[in-house]
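In what follows, a structure is listed as structure tokens, so that the remarks can point back to it.
Just so it is clear, the values below take in all heavy atoms, side chains as well, and ignore hydrogens, waters and symmetry mates. Here, residue 1 is the first one in the sequence, and each next residue gets the next number. Predicted model, so just to flag it, every value in this text is computed and none were measured.
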Amino acid sequence: MANVVPTRSEVLFLFRSLLRTARQFSDYNIREYTKRRTIDGFRQNRTLSDPDSIASAFSHGKAQLEIAKRQAVIYSLYAPKVKSIMDLKPCNSI
């Protein structure tokens, strides 16, 4: 079964979708990690010329997008009520 090579617009849509999904994470570290992995992955695969390797990288990217979407939902369900230690009220009792 031959893999179908994605078009440039499909690849750009996948890239933008991954970055959009990264913005859904409330935690700064996870959000930045997801953005960095997306950008690095696309830069690494920029020079691919073999149609099979392009199709394989694209399908891997789509799988990573689905994982990121699921993780964003899970993180939103179990997000801490206080996002920063600076938001905590000082406790006057010692």
Practice task
Starting at OG1 of T21, measure out to CD of Q64 and round the result to the nearest 0.5 Å.
Solution key: 11.5 Å

Problem - F42 and L18, any side-chain heavy atoms less than 4.5 Å apart - result: yes

Handout entry: Q71 vs I74 side-chain heavy atoms within contact, under 4.5 Å
Key = yes

Practice task
Supply the atom-to-atom distance I54 CD1 to N45 CG, rounded to the nearest 0.5 angstrom.
Solution key: 9.5 Å

Exercise for the section: Inspect the surroundings of CZ in F15 and state if more than 12 heavy atoms from other residues, nucleotides or ligands are less than 6.0 Å away. Expected result: yes

Exercise for the section: Check L48 against A57 and note the closest heavy-atom contact, atom names and distance. Expected result: CD1-CB, 3.9 Å

Handout entry: Side-chain donor/acceptor of E10 to backbone N/O of T7, under 3.5 Å
Key = yes

Handout entry: Least distance between heavy atoms, P6 atom then A55 atom
Key = CD-CA, 4.2 Å

Problem - Cluster link F25 to L65, ILVMFWY, side chain under 4.5 Å - result: no

Fill in the blank from the handout: So the side chain to side chain donor-acceptor pair (under 3.5 Å) pairs with at least one residue in residues 34-44 (sequence neighbours excluded) are E32-K35

Exercise for the section: Work out which heavy atom in V73 is nearest to a heavy atom in S76; give both atom names and the distance. Expected result: O-OG, 2.7 Å

Completion exercise
Rounding to 0.5 Å, atoms OG (S17) and CD (E66) come to a distance of 9.5 Å

Exercise for the section: State plainly whether one hydrophobic cluster holds both F58 and I39, where clusters connect Ile, Leu, Val, Met, Phe, Trp and Tyr through side-chain heavy atoms under 4.5 angstrom apart. Expected result: yes

Completion exercise
d(R16 CZ, S9 OG) to nearest 0.5 Å is 8.5 Å

Exercise for the section: Please check if the side chain of R31 supplies one atom and the backbone of A22 the other of a donor-acceptor pair under 3.5 Å. Expected result: no

